[in-house]
Amino acid sequence: MKNIDLPVSKAARDVVATLQEAGFETYIVGGAIRDILLGREPKDFDIATAATPENVRAVFGRRSCRIIGKRFRLVHVFGGGQLFEVSTFRRAPEKTGAEKRPGAVRGVENDHLIVADNDFGTAKEDAFRRDFTVNALFYDPIKGAIIDHTGMGVADIKSQKVRAIGDPALRFAEDPVRMLRALKLVAQFDFELDNETENALFANLPLLSCAAPSRLSLELEKILLSSYGDRHFEVFHDYGLLKYFLPQLNANWGTPERKRALALLFERNCRVEENVYRNSISLATALLALPFVEKRLTGASGNVYAADQVDADAISRELDRLFAPLTLMIRLKCAAQKILELLPKMVYTSGNGREFMRQHAYCHTREAAIILGIIAGGNGDQLDQRWLKGSENTRDNDRKKPPRKRRPAGGSKR
Ligand code: ATP
Ligand code: MG
């Protein structure tokens with residue numbers, strides 16, 4: 001056990017302190033500790049505790065928390081203007097079983113798939129049911145102690161290794177989404193898979209077709225929101241996972257549309273990282289789909305289709321096709337579609353940008369304007385300015401920065 005003062009949010013510390021004072025062993029766990037040790041700012045703080053969801057509700061009161069989830073019951077606790085996921089320590093579930101779903105690859109059966117995950121356990125058991133050593137660190141912010149139950153989490157963070165906890169093949173069979181999570185760590189942090197984990201991943205990739213599409217759709221949303229989205233798709237492709245995740249993007253890998261899509265996404269990601277624009281999932285979705293929509297409407301990409309070629313149905317079908325077999329949330333799909341419909345109108349509208357913005361939903365017009373700025377790149381400030389001047393959501397000084405150079409890519413495996 002090491003004594004260390006990690007920069008966790010005060011609100012997270014307060015939630016932990018409240019539960020500990022009520023007599024429940026409690027820690028900050030998972031991605032937040034990993035991110036802090038890597039010198040990154042965590043996007044949220046997950047908390048694990050010996051308290052059951054009912055205990056947690058009794059401690060914080062009904063007004064500050066809500067029990068959610070079926071497959072995995074946990075409590076949302078509101079504190080200090082933040083939302084925390086508080087989950088009870090669990091042990092590896094005993095109930096596993098075959099699951100087939102419509103659309104699953106024929107012949108792919110999985111007897112190890114976890115169908116429920118609600119057996120409560122100790123802190124140590126909870127660490128061992130987690131996916132990777134680097135995700136299984138517990139931190140007690142009151143004592144200033146990191147607890148590394150697997151004994152390898154801290155070392156693996158230092159040596160940038162993704163190592164499954166336990167038998168990697170079994171862990172991937174229990175939950176194939178873990179393969180995607182392993183490669184997210186590769187994409188996001190330039191980690192490498194340890195040999196055994198890598199071999200198990202290559203051998204088990206087809207099991208991903210057993211994963212619930214709703215969980216994969218959730219992962220897709222997280223990836224689109226991340227400022228490493230372009231890199232995620234590249235790594236998924238390199239490891240052969242993309243064909244089980246977004247088969248259309250994979251099938252189009254060699255095309256100019258795919259290259260343009262990831263280049264645009266990369267440019268957007270740089271600008272988000274540099275705080276030029278606020279992060280927006282509908283913007284990222286529209287940007288990824290744009291070259292494919294251009295191609296569908298005009299037979300070529302790179303033109304932001306001619307004004308008379310805004311066919312809303314065709315755009316909708318292209319969005320469905322590109323993301324199948326996953327389904328975008330309806331709200332997300334509608335927003336991305338509106339942006340894609342507005343783009344050519346804005347390109348071909350002469351006159352006052354502000355007047356145009358008044359006539360259309362502000363949020364969609366603003367995001368379409370940002371996309372036009374991204375397409376125009378460093379020399380296209382005029383387009384950018386026409387639509388964005390005076391918008392309180394952009395920072396003019398930042399916007400004048402030259403476009404960033406590509407991050408050094410991690411070594412790909414295939
Ligand atoms: P991110 O930065 O994407 O949020 P994360 O590691 O925090 O990364 P979460 O989905 O928030 O990912 O999960 C929180 C923690 O729960 C993980 O760090 C890991 O310990 C555990 N976990 C999540 N998904 C799984 C899984 N499929 N199997 C085992 N453990 C998991
Ligand atoms: Mg997390």
Side-chain angles (χ1 to χ4, degrees), residues 8-9 12 27-49 68-69 71-74 76 82-93 96 110 112-119 121 123-139 146-150 152-153 156-157 162-168 170-189 191 197 200-201 204 207-208 210-212 214-229 231-232 235 279 281:
V8 301
S9 91
Y27 304 97
I28 297 173
V29 294
I33 305 306
R34 176 200 68 213
D35 291 353
I36 291 175
L37 292 179
L38 286 166
R40 311 229 182 170
E41 197 176 329
K43 58 180 190 311
D44 49 28
F45 291 92
D46 294 329
I47 291 167
T49 178
I68 61 155
R71 182 183 178 277
F72 193 100
R73 283 176 78 228
L74 50 83
H76 275 170
Q82 285 174 266
L83 174 77
F84 298 98
E85 283 195 352
V86 179
S87 55
T88 308
F89 299 141
R90 281 163 170 79
R91 57 187 156 82
T96 61
N110 186 356
H112 302 289
L113 200 76
I114 292 175
V115 289
D117 195 0
N118 272 318
D119 299 336
K124 186 167 182 177
E125 287 171 326
D126 189 78
F128 277 91
R129 62 104 198 151
R130 289 173 186 271
D131 45 10
F132 306 108
T133 56
V134 293
N135 284 346
L137 293 170
F138 287 31
Y139 179 62
I146 292 177
I147 298 113
D148 187 356
H149 283 292
T150 71
M152 288 188 281
D156 283 341
I157 285 182
V162 183
R163 187 190 309 274
I165 297 174
D167 172 3
L170 180 61
R171 300 309 307 282
F172 290 152
E174 283 174 352
D175 180 2
V177 177
R178 288 175 185 149
M179 291 185 275
L180 187 138
R181 292 177 54 82
L183 294 186
K184 277 173 69 181
L185 293 169
V186 173
Q188 199 168 345
F189 303 117
F191 278 14
T197 302
L201 182 134
N204 286 286
L207 292 183
L208 210 64
C210 300
S214 58
R215 285 190 65 209
L216 293 175
S217 301
L218 221 79
E219 290 294 344
L220 173 66
E221 283 161 26
K222 283 213 235 174
I223 290 165
L224 287 169
L225 264 180
S226 130
S227 48
Y228 297 87
R231 179 94 189 103
H232 280 93
V235 169
N279 200 349
I281 188 168

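Counting from 1, the numbers follow the sequence of the chain as shown. Just follow the structure's listing: the first ligand is 1, and inside any ligand the first atom is 1. The structure displayed is predicted, hence computed values, not measured ones. All values below were derived from every heavy atom in this structure, side-chain atoms included, with hydrogens, water molecules and symmetry-related copies excluded.
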To check you understand the geometry: which heavy-atom pair defines the closest contact between [X] and [Y], and what is its length?
X    : Y    : result
L201 : M179 : CD1-O, 3.7 Å
R34  : F189 : NE-CE1, 3.5 Å
R129 : R90  : CG-O, 3.5 Å
A164 : T197 : N-OG1, 3.1 Å

If we only consider heavy atoms of E174, is any one of them less than 4.0 Å away from an atom in ligand 1?
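Under 4.0 Å: no for E174.
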Please verify whether a non-hydrogen atom of E85 lies at under 4.0 Å from ligand 1.
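E85: no contact with ligand 1 (<4.0 Å).
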Specify the protein heavy atom at minimum distance from [atom]: its residue, its atom name, and the distance to 0.1 Å.
atom                    : answer
atom 8 (O) of ligand 1  : R34 NH2, 3.4 Å
atom 2 (O) of ligand 1  : K43 NZ, 2.7 Å
atom 15 (C) of ligand 1 : R130 NH1, 3.6 Å
atom 12 (O) of ligand 1 : R181 NH2, 3.2 Å
atom 28 (N) of ligand 1 : R178 NE, 2.8 Å

Would N135 count as a polar contact of ligand 1, with the cut-off being nitrogen or oxygen pairs under 3.5 Å?
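N135 vs ligand 1: N/O contact under 3.5 Å present.
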Return a yes/no value for K222: is any of its N or O atoms, backbone included, closer than 3.5 angstrom to an N or O of ligand 1?
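Between K222 and ligand 1 (N or O atoms, distance only) the closest approach is under 3.5 Å.
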Evaluate salt bridge (Lys or Arg N to Asp or Glu O under 4.0 Å) for R181 paired with D175, printing each intermediate quantity in order.
CA-CA 10 Å; R181 292 177 54 82; D175 180 2; over 6 Å; no
May I ask which of D46, D131, I33, V134 has a heavy atom nearer to atom 14 (C) of ligand 1 than the others do?
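Comparing heavy atoms across D46, D131, I33, V134, the nearest one to atom 14 (C) of ligand 1 lies in D46.
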Going by the atom numbers of ligand 1, which of them fall below 4.0 Å from some non-hydrogen atom of [X]?
X    : value
G30  : 18 (O)
D175 : 26 (C), 27 (N)
K184 : 3 (O)
R215 : 27 (N)

Hey, could you give me the [atom1]/[atom2] distance between [X] and [Y], rounded to the nearest 0.5 Å?
X    : Y    : atom1 : atom2 : value
T150 : I165 : OG1   : CD1   : 5.5 Å
R130 : R178 : CZ    : CZ    : 11.0 Å
L37  : Y139 : CG    : OH    : 9.5 Å

Would the distance check show the side chain of D35 and the main-chain N or O of R40 forming a donor-acceptor pair, the cut-off being under 3.5 Å?
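No, the answer is negative, given that no donor and acceptor are paired below the 3.5 Å cut-off.
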